[in-house]
Amino acid sequence: MQKRGTLRGRAGNVSAYYSNELSKIGKTCSQVNGTGKNKGEGVRLMTTQVLTPHQSQFYAWLLTRRAAGDTVESLASTLVDAQVDLNPHQVEAALFACKNPLSRGVILADEVGLGKTIEAGLVIAQRWAERRRRILIIVPANLRKQWHQEMQDKFGLQGLILEAKSYNAIRKQECRNPFLTSSAPIICSYQFAKTKADDIKGIDWDLVVLDEAHRLRNVYKPSNVIARTLKDALARVHSKVLLTATPLQNSLLELYGLVSIIDDRVFGDLDSFRAQFSSPSKVQSFESLRARLAGICKRTLRRQVQPYVSYTARRAIVQEFTPSDEEKELSSLVADYLRRPNLKALPEGQRQLISLVLWKLLASSTHAIAGALETMANRLQKVLDKAREIPDLAEALDEDYESLDETADEWDDQGSGGESLQPDERAAIAQEIEELRQFKALATNIRDNAKGKALLTALDRAFAELDRLGAPKKAVIFTESRRTQDYLCSLLADTSYGEGIVLFNGTNSDARAQAIYQDWLKRHAGTDRITGSKTADTRAALVEHFKERGTIMIATEAGAEGINLQFCSLVINYDLPWNPQRIEQRIGRCHRYGQMFDVVVVNFVDRSNEADARVYELLAEKFQLFEGVFGASDEVLGTIGSGVDFERRIAEIYKNCRDPETIKASFEQLQLDLSGEINEAMVKTRQLLLENFDEEVQERLRIRAEDSRAARGRYERMLMDLTRAELGDCAEFDDDGFVLRRLPDKEIEGVALGRYELPRRSGDAHLYRLGYPLAEWVIRQAKSRQLPGCRLTFDYDAYGTQVSTLKPYRGKSGWLTVKLITVEALGNREEHLIVAASTVDGTVLAEDDPEKLLRFPARTQPSASPADADELLSADVEARKLQLLREINQRNLSYFQQEVEKLDAWADDLKLGLEQEIKEIDREIKEIRRTAAISPTLDEKLHWQRRQRELEGKRNKLRRELFDRQDEVESQRNDLIGQLETQLQQKVTEETLFTIKWELI
């Protein structure tokens, strides 16, 4: 047996050793018949039985071994650690992504609302557990915080958001690539990833996840700069996960584009793809395309998961209001100002972006626009005074309109612009400053806002609806402005809601928030709730305060990203974004998995403003955001992409259209353009190409649900049994966890005393995970212990459950051995435990009976040397090993065959592309011959004859090139297959963990 560490406190002889071990671990129960609620629960009774050192080592290896990628066991440690109840379709998707070690990635295309973030999170957590930790997550700018929070809350992974400020700070401090500085998953936006493509390209990423990946589907078009840049930057990445509900929107070429982001060798070039698949009506080519996509794209529908996920509905309430004459005058003056062709207050490079923000602040409240107008006037005064430092207007406005920086991240034309001031412009600038200050004075003099008064009415209506539904009386009010947030707080302070108000924004630095934070710190002192990050902990404190004590949360858009409020079922859009994805994100804070009630959504509409009314109609009727079970459809969300272009279109209407008729016509055209992009034929094609029969999917999900539930329960029990054995009298255990009274080793770092529970339990306790330092110490102790031969006496009755296959062995004894088999092939490593046992009278225990035996309660006695084990046992071990290697080889051969078929299809595609060009020239030659035959003059006939000879020469040259190119393609194919064959070679190592004498009583 290979030596594997030293035994702490080992006695001088075997008998003394076991006496010492058992006294350290705790007394072994010789009989466990069960009392109280545990009686007759079978495996659950193991929690009252302290494992022997041999069983502890076996459990430790079972918990941490690298299993085959197509089994639930490969995800088991992640399932145990995840702080979320996983649905079977999510486990199925994660296994699909991890299955084939030769695959360069997958597209996870579940319908909207099924938790693709969780699916990707499972893959990320699995790679992290495998210590493949160079992970990049590229997402839309407005989803960065949400991803950060989901990874932290559900998988215990503290990501790093990289944007301009953090990137520059790291670059300045550490003078190296900031993408390499973190020992955590990196999260960044598409725009930022494009900007830093060179940094990304130079890193060997273990995994790259791209959310809302339909943005990349037109990568084959030269105009899609972001997609083409990212494709090049990520070309060398061997594992990518693309998330999109709409992988196919308007053209089959979009599938070609998305697949090419993952792997350029699934299809040939664009011309060959067009030639084969441009007409999906051809049954043969359609089936071929479906087959090629089957291993790379997975899609599950909402109706297919209904047995596992219960959905509530959305109910819309429209609250109309009519602005006062003063408010209308202010809006008219500011709107006319923003429509001017030349404005010195707006830097040229930022005009579109800042105009959008100003239109939104104007609609938010007089307080919001007053602050913005003052900021603009003060900045323009500094330009006039030729001040040394002139503040960036976007940064200044971002203090109020917090999501401005994220909006800017999606705008290609963002830039501060120069401040070239000509002498003859000074008078115009002074005049503009005066106007801005007049507008600001008018706004400041308006104390009451009509929309603010309407809010009080809306709250009464909405809370009455909550009463009818039986839902808790809680509401989250969204605004796009910090100043409007303060106004609403003061408005509600003197009402019956005043005591239950919680403010939530990007800084959470106000006195009220900090008082809540300090109280939260005291209540959760010594628990894992406190992360040490003041920003994250303040957000957690505010959400908890709102849940337990609050009535109304007034939140800014940027502040509320990434928080989960499923305990609240009333969403009030005080300011309505123009970007449907932002609205969906807002409502999704409450209307999400775990929501028990229908969600009421309140929207404010100024019917007297034609543009405002049309925006609401478009969002409500076309996008269907506010009513129904799921909100916006896949087709709509896929059509608008990031939503930024859609916002621009609306901003252009506000800027250019003044009378109701023009506004109406412009919105009708916008809706018409949108409808044109939702291609019903492509929706049908997507269904046929990417969706499987409901019955087939639901049966697979049923099996996956059973497998994952069983695996998670089994692994949780093993972890707690192992922990009980290794901690001994350092901890007190109960059915839900344990209380750690003292550390078993002073050198363990990052472990606090107190109560520990597995994830998904309730209450203030440390979350006990496989990756937690205490669990790592427990596993390390058990695995590193050198175990001499001994005798284990297993107690059949103490197990508490009948095991019919082992019952005949009662009263018998024999030998049992456990071996660790490590197999490396296809760039992947698997670890398998072979357990074999035989009786002294020459019988071999079949199938998994030896492993079952190790799960029985046992007591330890010294015994003869393992060298005395019989040859029969060795022969059974060898037979089990050969069977295991055959199964692994067969599975790897199937992966190899998939890759060979892919490469064959790719080579055929490229040849087809070359042949298509020759066919096209043949067609031209025939056409020229016909033209020449009917040409009326000799000159024309000679012209066409010359043209025919030129084409024939070109065709003959192409034919020769075709053979050369075919040889080149074949050579590339053969080289790649040769590389695969090399990877297919198995490297097998074997290690004996222990061999024992056994007896079953």
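Being a predicted model, the structure only gives us computed values, none of them experimental. Atom set for the values below is all heavy atoms of this structure, side chains included, hydrogens, waters and symmetry mates excluded.
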Decide whether His148 and Gln158 meet the rule of one side-chain donor and one side-chain acceptor closer than 3.5 Å.
yes
Side chain proximity check, Leu576 to Leu619, heavy atoms < 4.5 angstrom:
yes
Could you go through Arg340 and Glu435, starting from their C-alpha distance and side-chain angles, then the distance that decides it, and tell me whether this counts as salt bridge (Lys or Arg N to Asp or Glu O under 4.0 Å)?
CA-CA 13 Å; Arg340 293 181 194 173; Glu435 286 182 288; 2.5 Å; yes
Would you verify whether the NZ or CZ of Lys360 falls within 45 degrees of the ring axis of Tyr401 while also being under 6.0 Å from that six-membered ring's centre?
no
For Thr312 versus Met596, what's the shortest heavy-atom pair and its separation?
CG2-C, 3.8 Å
Distance-only, no hydrogens or angles: does the Arg314 side chain make a donor-acceptor pair with backbone N or O of Leu625 under 3.5 Å?
yes
Ring-face cation of Lys451 near Tyr574 (centre distance under 6.0 Å, axis angle within 45°):
yes
Would Arg755 and Glu757 pass as an ion pair if we require N to O under 4.0 Å?
yes
Side chains of Asp510 and Gln514: do they bring a donor and an acceptor to under 3.5 Å?
no
When rounded to the nearest 0.5 Å, the distance separating CZ of Phe463 from OG of Ser496 is 8.5 Å
Do the ring planes of Trp578 and Tyr654 sit parallel (below 30°), tilted (30 to 60°) or perpendicular (above 60°)?
parallel
For the residue pair Gln485 / Asn505, report whether a side-chain donor-acceptor contact shorter than 3.5 Å exists.
yes
Decide yes or no on salt bridge (Lys or Arg N to Asp or Glu O under 4.0 Å) for Arg649 and Glu652, but give the supporting numbers first.
CA-CA 5 Å; Arg649 292 280 298 271; Glu652 285 297 310; over 6 Å; no
Candidate pair Glu627 and Arg315, rule salt bridge (Lys or Arg N to Asp or Glu O under 4.0 Å), full reasoning:
CA-CA 5 Å; Glu627 292 192 282; Arg315 301 173 180 270; over 6 Å; no
Determine whether the side chains of Glu402 and Thr556 contain a donor N or O and an acceptor N or O closer than 3.5 Å.
yes
Looking at Cys568, is its backbone amide N or carbonyl O close enough to the side chain of Gln595 to form a donor-acceptor pair, meaning the two atoms are under 3.5 Å apart?
yes
Before you tell me yes or no, could you show the steps for Arg586 and Gln581 under side chain to side chain donor-acceptor pair (under 3.5 Å), namely the whole-Å CA-CA distance, both residues' side-chain angles and the distance that decides it to 0.1 Å?
CA-CA 9 Å; Arg586 279 184 178 185; Gln581 288 188 336; over 6 Å; no
Please determine, by modelled atom types, if Thr366 and Asn449 share a side-chain donor-acceptor pair under 3.5 angstrom.
yes
N/O donor to acceptor pairs below 3.5 angstrom from side-chain atoms of residues 159-168, sequence neighbours left out:
residue	atom	partner	partner atom	Å
Glu163	OE1	Lys165	N	3.0
Glu163	OE2	Ser166	N	3.1
Glu163	OE2	Ser166	OG	3.2
Ser166	OG	Ile161	O	3.2
Ser166	OG	Glu163	N	3.0
Ser166	OG	Glu163	O	3.2
Tyr167	OH	Arg171	NH2	2.8
Tyr167	OH	Asp199	OD2	2.4
Asn168	ND2	Ala164	O	3.1

Arg539 and Asn508: side chain to side chain donor-acceptor pair (under 3.5 Å), yes or no, with the steps?
CA-CA 8 Å; Arg539 291 166 65 88; Asn508 294 321; over 6 Å; no
For a 4.5 angstrom cut-off between non-hydrogen side-chain atoms, does Ile554 reach Leu492?
yes
Should the pair Arg523-Glu548 be classified as a salt bridge under the 4.0 Å nitrogen-to-oxygen rule?
yes
Under a 4.0 Å N-O cut-off, is there an ion pair linking Arg461 with Glu465?
no
Close aromatic pair by centroid cut-off 6.0 Å: Phe623 and Phe646:
yes
Carboxylate-amine/guanidinium proximity below 4.0 Å for Asp336 and Arg339:
yes
Pairing donors with acceptors under 3.5 angstrom, does anything connect the side chains of Asn564 and Arg592?
yes
Are Phe504 and Phe546, when compared by the centres of their aromatic rings, separated by less than 6.0 Å?
no
Glu432 with Lys344: basic N within carboxylate O range, under 4.0 Å
no
Show me the pairs that pass salt bridge (Lys or Arg N to Asp or Glu O under 4.0 Å) and involve residues 483-496, at least two apart or across chains.
Asp400-Arg483
Glu480 backbone acceptor or donor facing Asp575 side chain under 3.5 Å:
yes
Does any non-hydrogen side-chain atom of Asp153 lie less than 4.5 Å from one of Gln83?
no
Side chain to side chain contact (heavy atoms under 4.5 Å, CB included) for Lys474 and Thr551? Distances and angles first, verdict last.
CA-CA 5 Å; Lys474 291 184 185 294; Thr551 304; 5.8 Å; no
Report the relative orientation of the aromatic rings in Phe626 and Tyr616; use parallel for angles under 30°, tilted for 30 to 60°, perpendicular for over 60°.
parallel
Side chains of Ser324 and Glu327: is there a donor and an acceptor less than 3.5 Å apart?
yes
Using 0.5 Å steps for rounding, measure from the CG atom of Leu404 to the CD1 atom of Ile354.
7.0 Å
Min side-chain heavy-atom separation Leu338-Trp359 under 4.5 Å
yes
How long is the span from the CD atom in Glu557 to the CG atom in Asn579, to the nearest 0.5 Å?
8.5 Å
Close side-chain approach of Val139 and Ile187, heavy atoms under 4.5 Å:
yes
Does Val600 reach the side chain of Val571, with side-chain heavy atoms less than 4.5 Å apart?
no
Report the distance from atom CD1 of Ile433 to atom CG of Asn378, rounding to the nearest 0.5 Å.
9.0 Å
Member of Leu488, Asp460, Val602 meeting the side chain to side chain contact (heavy atoms under 4.5 Å, CB included) criterion with Leu455:
Leu488
Arg482 and Glu399 ion-paired at < 4.0 Å:
no
Have a look at Leu358 and tell me which of Leu373, Leu353, Leu346, Val334 forms a side chain to side chain contact (heavy atoms under 4.5 Å, CB included) with it.
Leu346
Check ion pair Asp519-Arg549 (N to O, under 4.0 angstrom)
yes
Can you see whether His524 engages Glu544 through a side-chain donor-acceptor pair at a distance of less than 3.5 angstrom?
yes
Would you say that Leu143 contacts Glu212 through its side chain, given a criterion of any heavy-atom pair below 4.5 Å between the two side chains?
yes
Can Asp537 and Trp520 be counted as having a side-chain donor-acceptor contact under 3.5 angstrom?
no
With no hydrogens and no angle check, do the side chains of Ser364 and Thr484 hold a donor and an acceptor under 3.5 Å apart?
yes
Side chain to side chain contact (heavy atoms under 4.5 Å, CB included), that's the test. Do Leu442 and Leu333 meet it? Break it down for me.
CA-CA 10 Å; Leu442 179 58; Leu333 290 170; 3.8 Å; yes
Whether Arg437 and Glu434 form a salt bridge (side-chain N of Lys/Arg under 4.0 Å from carboxylate O of Asp/Glu) is what I want to check.
no
Ser569 versus Cys590: any side-chain heavy-atom pair under 4.5 Å?
no
